[in-house]
Number of protein chains: 2
Amino acid sequence: MGINNYKNEDKLIVAVDCIIFGFDKEKLKVLLIQRAFEPEKGKWSLMGGFLKKNETLNEAAQRVLKNLTGLSDIYMEQLEAYSEVDRDPAERTISIAFSALINIEEHDKELQQQYSAQWFSIDSVPHLILDHDLMLERAMRRLRYKTTTQPVGFELLPEKFTMLQLQRLYEAILGKKLDKRNFVSKINSLKIVKRLEEKDRTSSKKGSFLYQFDEARYRKNLVSGFDLRF
Amino acid sequence: MGINNYKNEDKLIVAVDCIIFGFDKEKLKVLLIQRAFEPEKGKWSLMGGFLKKNETLNEAAQRVLKNLTGLSDIYMEQLEAYSEVDRDPAERTISIAFSALINIEEHDKELQQQYSAQWFSIDSVPHLILDHDLMLERAMRRLRYKTTTQPVGFELLPEKFTMLQLQRLYEAILGKKLDKRNFVSKINSLKIVKRLEEKDRTSSKKGSFLYQFDEARYRKNLVSGFDLRF
DNA sequence: CCAAAAGTGTTTCAGTTACACCCATGC
DNA sequence: GCATGGGTGTAACTGAAACACTTTTGG
């Protein structure tokens with residue numbers, strides 16, 4: 001706060017834009033929409049909205065997400081603010097980026113139709129409007145850091161998943177192949193998943209064990225520090 | 001952006017607040033002011049200001065900092081946005097926090113007088129107004145991460161410094177004692193400082209070599225990754 | 001010659017990486 | 001009985017942590 005009082009300060013439109021990540025068996029994806037109004041109508045864009053006077057940025061982002069996907073209680077994290085004066089040629093706005101992680105498989109149905117929303121593989125994203133390319137790039141970097149540092153990757157997987165699925169997820173996020181044996185032993189040493197009795201038999205005859213993130217166990221072993229950098 | 005056009009969107013006052021860190025031989029400090037207007041006039045506060053229509057957040061933060069300290073070209077990083085609806089009882093505002101690193105010794109003079117600015121040791125900061133306590137706490141966490149991950153700690157030191165000063169800095173940031181020998185060999189293995197011929201004789205008879213951050217060398221050795229976590 | 005701070009190496013331990021074979025099952 | 005994917009262990013290496021003595025020099 002400066003030394004002025006508030007009466008004469010400029011007021012601006014504040015937006016939120018959501019980088020919505022999903023994971024689909026093998027590819028990391030991002031959900032984009034075709035922008036419905038000018039400027040740049042029809043071009044691909046992150047889903048966004050405007051902050052209302054009576055809500056927090058987080059609420060605005062949740063609202064936007066719910067609007068697009070029908071989902072609430074989604075993992076979401078605030079990223080940076082973008083404030084170039086001419087970032088939006090139509091009007092002076094600043095925008096705060098948010099990143100959301102959703103599990104495509106369990107929520108596939110509802111979201112595809114509205115706003116011409118569409119999933120794009122992270123390695124074949126079209127050019128986006130305004131400064132959204134930059135937002136996406138930064139969000140990716142943050143995702144890499146966050147998932148290797150805290151147990152948020154599970155948000156991208158179904159409740160129950162196989163080791164291989166988990167490994168594929170991390171491979172997709174980190175953009176490199178990982179060694180199966182090393183991956184498994186690292187995961188196990190972290191003591192954050194529990195192996196269920198059930199098996200997934202869709203991909204093999206033998207079937208592979210299903211695992212579940214174990215929140216309680218994670219908290220208990222927090223001391224040892226979460227580190228999934230490879 | 002939502003499906004509305006811009007005309008009917010709410011506009012808000014947008015603020016920036018600066019967490020200004022300094023390092024004074026042995027203690028990590030933060031620069032606070034006594035707030036000059038209501039609400040909470042006279043209480044300790046981060047230095048802040050309001051975003052103007054024709055500037056970026058970064059420019060606003062630089063302006064605020066220059067205003068307080070007379071300094072420009074200061075290392076500064078954007079942190080998060082704070083947007084609780086009632087965070088400022090006087091008016092709906094959101095605030096974007098910035099963190100600045102300045103070298104107290106080289107800039108001691110100019111800043112002390114204005115706005116009753118005062119340096120506080122990080123371990124004896126008074127209670128701050130609004131959500132500034134939270135901002136400071138988050139800024140500290142970020143500082144720990146950033147300084148162990150990128151060579152920004154040098155911003156807090158004079159151009160030329162001794163190994164011991166550098167070690168004290170990291171000890172202050174990390175909040176723990178470090179082993180001298182391990183510290184030195186880690187720093188040397190990073191190849192980011194160069195030893196000068198000069199010595200600092202203020203603190204001993206033998207004198208200790210002065211070092212300087214070596215940007216070029218840092219870039220060259222970037223591949224090996226910067227990691228000063230202990 | 002001694003007090004005070006600077007400078008310097010080695011050993012141990014833990015964690016990461018690289019690497020290949022056996023197992024269970026359905027067909 | 002064989003093809004397919006699932007599951008598991010060990011050896012070598014690399015980096016981190018623990019640890020103490022010698023050097024310099026002003027007084």
Side-chain angles (χ1 to χ4, degrees), chain A residues 25-26 144 147-149 157-158 160-171 173-212 221-230, chain B residues 25-26 144 147-149 157-158 160-171 173-212 221-230:
Chain A
K25 309 268 190 215
E26 54 172 11
R144 265 181 226 117
T147 49
T148 50
T149 260
L157 292 175
K160 301 169 181 181
F161 49 85
T162 65
M163 269 293 172
L164 189 59
Q165 278 177 284
L166 186 60
Q167 184 181 338
R168 293 280 175 266
L169 171 66
Y170 274 87
E171 287 176 337
I173 291 173
L174 300 175
K176 61 180 172 191
K177 286 253 166 291
L178 301 174
D179 180 86
K180 181 167 60 157
R181 288 158 291 184
N182 292 340
F183 185 81
V184 170
S185 56
K186 194 148 182 179
I187 293 293
N188 286 330
S189 77
L190 288 177
K191 305 204 179 115
I192 52 170
V193 294
K194 62 165 169 272
R195 190 169 86 173
L196 306 175
E197 295 308 312
E198 304 170 63
K199 286 190 159 194
D200 168 21
R201 296 189 186 271
T202 57
S203 64
S204 84
K205 299 153 190 174
K206 185 178 176 183
S208 49
F209 282 107
L210 287 166
Y211 290 78
Q212 214 170 9
N221 296 294
L222 244 186
V223 278
S224 46
F226 189 98
D227 185 349
L228 272 177
R229 291 172 303 173
F230 282 91
Chain B
K25 309 265 192 220
E26 53 172 11
R144 265 180 226 118
T147 49
T148 49
T149 262
L157 293 176
K160 300 170 181 181
F161 49 85
T162 65
M163 269 293 173
L164 189 59
Q165 278 177 282
L166 186 59
Q167 183 181 339
R168 292 281 176 266
L169 171 64
Y170 274 88
E171 288 176 336
I173 292 172
L174 299 175
K176 60 181 173 191
K177 287 252 166 290
L178 301 175
D179 179 87
K180 182 167 56 157
R181 289 158 291 183
N182 291 339
F183 184 81
V184 170
S185 57
K186 195 148 178 178
I187 293 292
N188 285 330
S189 76
L190 288 177
K191 304 202 178 118
I192 51 170
V193 295
K194 60 165 169 273
R195 191 169 86 174
L196 307 174
E197 295 308 313
E198 304 171 63
K199 286 190 159 193
D200 169 21
R201 296 188 185 273
T202 57
S203 63
S204 84
K205 302 154 188 175
K206 185 179 177 181
S208 50
F209 282 107
L210 288 167
Y211 290 78
Q212 213 170 10
N221 295 294
L222 244 184
V223 279
S224 47
F226 189 98
D227 185 349
L228 273 176
R229 290 173 303 173
F230 283 91

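Computed from a prediction, not measured in an experiment: that's the story for all the values here. Chain A is the first sequence line, chain B the second, and so forth, proteins listed ahead of strands; every chain is numbered from 1.
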**OP:** Report the nucleotide, chosen from dA5(C), dG7(C), dA18(C), that has the shortest atom-to-atom distance to any side-chain atom of S204(B).
**Re:** dA5(C)
Original post:
Can you tell which of dC19(D), dG6(D), dA6(C) lies closest to the side chain of L164(B)?
Top reply: dA6(C)
OP1 or OP2 of [N] versus the side-chain N and O atoms of [X]: is any pair under 4.0 Å?
X	N	value
K206(A)	dC23(C)	no
S208(B)	dA6(C)	yes
R195(B)	dT8(C)	yes

Subject >> Which residue lies more 5' along DNA chain D, comparing F209(A) with F230(B) via nearest heavy atoms >> reply: F209(A)
Subject >> Nearest-nucleotide 5' precedence on DNA chain D, K199(B) against K186(B) >> reply: K186(B)
How many whole angstroms separate atom [atom1] of [X] from atom [atom2] of [N]?
X	N	atom1	atom2	result
Q167(A)	dG7(D)	CD	C1'	12 Å
I187(A)	dT17(C)	CD1	P	13 Å
K180(B)	dA4(C)	NZ	C1'	11 Å
N188(B)	dG9(C)	CG	P	11 Å
L210(A)	dG6(D)	CG	P	12 Å
K205(B)	dT22(D)	NZ	P	20 Å
L190(A)	dG15(C)	CG	C1'	12 Å
R201(B)	dT25(D)	CZ	P	7 Å

So, the side chain of [X] versus the backbone of [Y]: is there a donor-acceptor pair under 3.5 Å, distance only?
X	Y	result
K176(B)	F230(B)	yes
Q167(A)	L178(A)	yes
R201(B)	S208(B)	no
Y170(B)	T147(B)	yes

Original post:
At under 4.0 Å between heavy atoms, what does S203(B) touch on the DNA or RNA strands: base, sugar-phosphate, or nothing?
Top reply: sugar-phosphate
Original post:
Between Y211(B) and K194(B), is there a cation-pi geometry (under 6.0 Å to ring centre, at most 45° from the normal)?
Top reply: no
Subject >> 5′-ward residue of the pair N182(A)/M163(B) relative to DNA chain C >> reply: M163(B)
Original post:
For D179(A) and T162(B), take the nucleotide of DNA chain C holding the closest heavy atom to each; which residue's nucleotide lies nearer the 5' end?
Top reply: T162(B)
